[in-house]
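The structure displayed is predicted, hence computed values, not measured ones.
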Amino acid sequence: MSGRTAAGQPGGPDRVEPATEVFVAHRNLLFTVAYEMLGSAADAEDVLQETWLRWVDVDLDSVREQRAYLVRIVTRQALDRLRALGRRKESYVGPWLPEPLLTAPDVAEDVELADSVSMAMLLVLETLQPLERAVFVLREVFDLNYDEIAEAVGKSPAAVRQLAYRARAHVAARRPRGTGSPAEHRAALRAFQRAVETGELQSLLDILAPDVVALSDGGGVRHALLRPVVGAGKVARLLAGGWWRRDADRTAELVQINGGPGLLIRLNGEIDGVVAVRLENGYVTGAYHVRNPEKLSRIERQTIVSR
């Protein structure tokens with residue numbers, strides 16, 4: 001983080017220290033806003049750097065609500081990057097999945113936050129237009145009022161209300177509905193872990209929902225599915241016979257991925273991928289397998305997300 005350094009000037013020593021303190025205090029929130037808008041931790045970090053460069057030049061005495069001001073900057077930067085990402089995704093090889101985050105167990109205790117950063121929800125948000133996505137995230141996840149959102153996205157409050165209405169309806173029709181007790185989820189996840197490690201077909205059939213969906217993302221670098229696989233039988237055979245190399249020493253470690261259950265897959269001791277798992281009523285309804293090495297660079301350390 002750097003700015004202009006002349007004392008008394010924007011970005012100078014007498015401004016950088018208080019600016020840094022404010023920025024650091026809100027950093028986890030700003031990262032979460034950017035990540036939920038982009039689905040990419042790497043791009044979210046770039047947005048935070050751009051936000052810092054603008055924030056350090058701001059006259060703090062003129063800022064009434066520092067949190068809202070920072071959210072406004074990060075939202076505008078994320079919107080610019082989201083539009084650029086859309087063009088990049090058009091040439092992406094195979095299905096595109098969000099960059100998985102290793103999250104702390106306490107994230108799951110905040111049900112709304114965990115749901116908002118889940119793989120399943122981020123895939124739903126991918127189907128929104130950029131402005132709809134920004135408005136939905138700021139309103140439904142971070143509870144900003146319409147006037148604050150209007151300033152952040154450069155629209156009138158009336159236009160923001162319309163965008164929020166459309167986005168809510170769109171998400172409600174597509175969002176996953178996770179149900180079941182924690183005990184059911186733990187039992188299903190451990191059964192899924194054992195089945196993945198052993199490749200035992202019947203064990204997989206016992207825990208997969210009839211309409212389970214499997215997606216994988218290799219980014220054109222690693223072998224992965226080129227289209228979704230749907231149905232318990234097809235997904236079970238995929239997991240049992242071909243998703244990972246059979247001639248390798250494979251382990252599946254239970255971890256928290258994006259606020260929910262997941263597996264960290266290692267082959268011969270090296271990280272090979274991550275599987276985020278969606279559970280409903282004790283059955284696996286979604287498996288999101290990320291193998292693209294560019295999306296696994298931070299998977300061995302926890303990422304803090306917050307509201």
Side-chain angles (χ1 to χ4, degrees), residues 21-49 51 67 70-71 74 78 97-125 137-138 140-143 175-176 178-193 196 217 251-266 271-280 284-307:
E21 290 175 358
V22 174
F23 188 86
V24 169
H26 296 292
R27 190 188 191 285
N28 294 334
L29 162 73
L30 300 175
F31 173 85
T32 308
V33 171
Y35 176 73
E36 292 199 18
M37 286 183 61
L38 300 170
S40 164
D43 285 293
E45 292 287 2
D46 287 345
V47 162
L48 258 62
Q49 180 67 18
T51 299
R67 176 181 181 271
L70 279 164
V71 168
V74 86
L97 289 176
E99 183 178 346
L101 302 179
L102 184 68
T103 52
D106 61 357
V107 173
E109 297 172 9
D110 185 337
V111 177
E112 290 185 358
L113 177 61
D115 177 65
S116 71
V117 298
S118 70
M119 285 287 211
M121 176 56 79
L122 290 174
L123 285 173
V124 173
L125 295 182
V137 167
L138 295 178
E140 301 300 319
V141 182
F142 297 97
D143 199 31
R175 78 186 306 159
T179 55
S181 70
E184 286 178 321
H185 284 181
R186 283 193 297 271
L189 185 60
R190 291 194 180 280
F192 185 69
Q193 177 193 24
V196 165
D217 176 347
T251 61
E253 177 188 353
L254 291 175
V255 291
Q256 283 277 332
I257 298 294
N258 288 57
L263 301 176
L264 180 60
I265 308 299
R266 285 186 170 88
I271 291 178
D272 181 74
V274 167
V275 182
V277 182
R278 190 173 84 234
L279 298 166
E280 295 179 36
V284 175
T285 59
Y288 310 101
H289 182 207
V290 179
R291 296 193 72 210
N292 184 347
E294 291 185 0
K295 296 185 178 183
L296 300 174
S297 61
R298 57 191 292 152
I299 201 62
E300 288 192 282
R301 66 183 189 276
Q302 284 186 357
T303 297
I304 300 174
V305 294
S306 67
R307 291 197 292 164

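Within the 4.5 Å cutoff, no side-chain heavy atoms of Thr32 are placed close to those of Arg307. Looking at Leu189 and Val277, their side chains come closer than 4.5 Å, going by heavy atoms from C-beta outward. Side chains of Val71 and Phe142 form no contact here, defined as non-hydrogen atoms less than 4.5 Å apart. Side-chain contact check for Leu38 versus Pro98: every heavy-atom pair is 4.5 Å or farther apart. At least one side-chain heavy atom of Arg291 sits under 4.5 Å from a side-chain heavy atom of Asp272.
Annotation for Leu29 and Arg67: closest pair CD2-NE, 3.5 Å, computed over non-hydrogen atoms. Val141 approaches Glu36 most closely through the heavy-atom pair CG2-OE1, 3.5 Å. Smallest separation of non-hydrogen atoms from Ser306 and Leu113: CA-CD2, 4.0 Å. When all heavy atoms of Ala104 and Gln302 are compared, the closest pair comes out as CB-OE1, 3.5 Å.
Taking CE from Met37 and CG from Asp43, the interatomic distance works out to 12.0 Å, rounded to the nearest 0.5 Å. Atom CG in Leu48 sits 9.0 Å away from atom CG in Asn28 (nearest 0.5 Å). Rounding to the nearest 0.5 Å places CD of Glu45 at 8.0 Å from OG1 of Thr303. The CZ atom of Phe23 lies 6.0 Å from the OG1 atom of Thr51; values are rounded to the nearest 0.5 Å.
With sequence neighbours excluded, the residues that form a side chain to side chain contact (heavy atoms under 4.5 Å, CB included) with Arg190 are Gln193, Arg194, Leu254.
Side-chain atoms of Arg278 and Thr285 form a donor-acceptor pair, as typed in the model, at a separation below 3.5 Å.
A donor-acceptor pair under 3.5 Å is formed between the side chain of Glu99 and the backbone N or O of Ala42. Between the side chain of Arg175 and the main chain of Met121, no donor-acceptor pair closer than 3.5 Å is present. Under a 3.5 Å cut-off, the side chain of Asp217 and the backbone N or O of Leu97 do form a donor-acceptor pair.
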Expected list for residues 257-265: side-chain donor-acceptor pairs under 3.5 angstrom, two or more places apart:
| from | atom 1 | to | atom 2 | distance (Å) |
| --- | --- | --- | --- | --- |
| Asn258 | OD1 | Leu101 | N | 2.7 |
| Asn258 | ND2 | Tyr35 | OH | 2.8 |
| Asn258 | ND2 | Val117 | O | 2.7 |

